[in-house]
Number of protein chains: 2
Amino acid sequence: MRDNYYFIEKLRSLGLRPTKQRVRICKVLFDRNDTFHFTIYELANLLKLKSKEKISLATLYNTVHAFKKKGYLKEISINSDKSYFDTNISDHHHFFNESTNELIDLTDKDFDNIKLKKSLPGKKIKSLEILVKVANNN
Amino acid sequence: MRDNYYFIEKLRSLGLRPTKQRVRICKVLFDRNDTFHFTIYELANLLKLKSKEKISLATLYNTVHAFKKKGYLKEISINSDKSYFDTNISDHHHFFNESTNELIDLTDKDFDNIKLKKSLPGKKIKSLEILVKVANNN
DNA sequence: ACACTACTTTAGAATCATTATAAATTATAA
DNA sequence: TTATAATTTATAATGATTCTAAAGTAGTGT
Ligand SMILES: [Mn+2]
Ligand SMILES: [Mn+2]
Ligand SMILES: [Zn+2]
Ligand SMILES: [Zn+2]
């Protein structure tokens, strides 16, 4: 759906050099209709499928963290096993299926007005995340 | 405040043998007035301070996981760096101070009625956690 | 008290996600 | 084209957690 040019310009607009590795990663992550939730491991596997030209694992970590820093990806805190990332950078929450390790998006609309009444003096709120853990019945 | 006997009976009531390692761990974790949020690393350091008789790291992991399984501890999902545990097993949420890596309790009272409107067919909700990440100003 | 058994502890090794290193490569601007 | 900084890469290092298998211990029944 999106051509290389689109991602090259996107990367430039983020202040990141459009290397061929980054463009390939963008196509896997962002050239799709739906939100994509992934781990580095899953990303690595998808890239292997798409092309036989290897991208170093270090580059995957570097790139994903660069994208996160630029606000092009979000990181989701689920557990201490591994990090999950999310192409949906809007303010939203998740179902985490503990049986399959899959994430499903929720939005503010899926909750009654969530309003934090407390604040911490001298502290700035960086994020508010809701995570609903689910498991398959039996 | 609590003597060994209290924890010995508590352990028995959980179906866990009251070994001297477990009792010592209980005193560090539960013999206090306030909720205690900790990592295994912090627990290990506290135990070193209390006594020179070493408890194996494997025992700390075993014990903390056994306590969690019995509902005597909760695990808090913060990030993929390490696991956090919580002696407050009631339904509550957290401020996580990213500057100091400290957890502070919040309760339902600190939010307007949080109500999840969606459900997942065929899935059972295991938990709903809210984590508010904060950082020190500047 | 003794013996039996299942549970527990333990040191050390293994695993695995992630980060660090440092040299080679590449994108971009002069 | 050259210079510079950014990027990629293989590989090593780190660090939390889990595994292993042997030694120790608590509870039970005799
Ligand atoms: Mn876990
Ligand atoms: Mn992280
Ligand atoms: Zn999402
Ligand atoms: Zn708490």
The side-chain contact (heavy atoms from CB on, under 4.5 Å) partners of Asp3(A) (sequence neighbours excluded) come to Tyr5(A), Tyr6(A)
Separation of dT10(C) atom C1' from Arg24(B) atom CZ, nearest Å, is 14 Å
Under 6.0 Å between ring centres, would you say that holds for Phe67(A) and Phe85(A)? no
Across all chains, not counting sequence neighbours, the side-chain contact (heavy atoms from CB on, under 4.5 Å) partners of Lys10(B) are Ser13(B), Leu14(B), Tyr72(B)
Rounded to whole Å, the NZ-C1' distance (Lys69(B) to dT18(D)) equals 15 Å
Answer for the Watson-Crick or wobble partner of dA30(C), both distances under 3.5 Å, is dT1(D)
Residue set satisfying side-chain hydrogen bond (donor to acceptor under 3.5 Å, both in side chains) with Asp110(B), at least two apart, ordered chain then number -> Lys118(A)
Margin query: Given 3.5 Å as the limit, does a donor-acceptor pair link the side chain of Ser99(A) with the main chain of Asn136(A), or not?
Written below: yes
Each nucleotide of nucleotides 7-16 of chain D classed B (base within 4.0 Å of a protein heavy atom), S (only sugar-phosphate) or -, in 5' to 3' order, makes SBBB-----S
Under a 4.0 Å heavy-atom cutoff, the residues of residues 45-53 of chain A touching DNA chain D are none
*asked:* Whether His65(B) contacts dT18(D) is assessed here as follows: a side-chain N or O lying under 4.0 Å from the phosphate OP1 or OP2. Is that the case?
replied: yes
For residues 54-61 of chain B, which side-chain donor-acceptor pairs fall under 3.5 Å, sequence neighbours excluded?
| from | atom 1 | to | atom 2 | distance (Å) |
| --- | --- | --- | --- | --- |
| Ser56(B) | OG | Ala58(B) | N | 3.1 |

Here the distance between atom P of dT17(D) and atom CD of Glu42(B), to the nearest Å, is 11 Å
Pair His37(A)-Asp105(A), side-chain donor/acceptor within less than 3.5 Å = yes
Ile40(A) atom CD1 is separated from dT19(C) atom C1', nearest whole Å, by 12 Å
Lys NZ or Arg CZ of Lys82(B) over Tyr41(B) ring: under 6.0 Å, within 45°: yes
note: Leu14(A), atom CG; dA27(C), atom P; distance rounded to Å ~ 18 Å
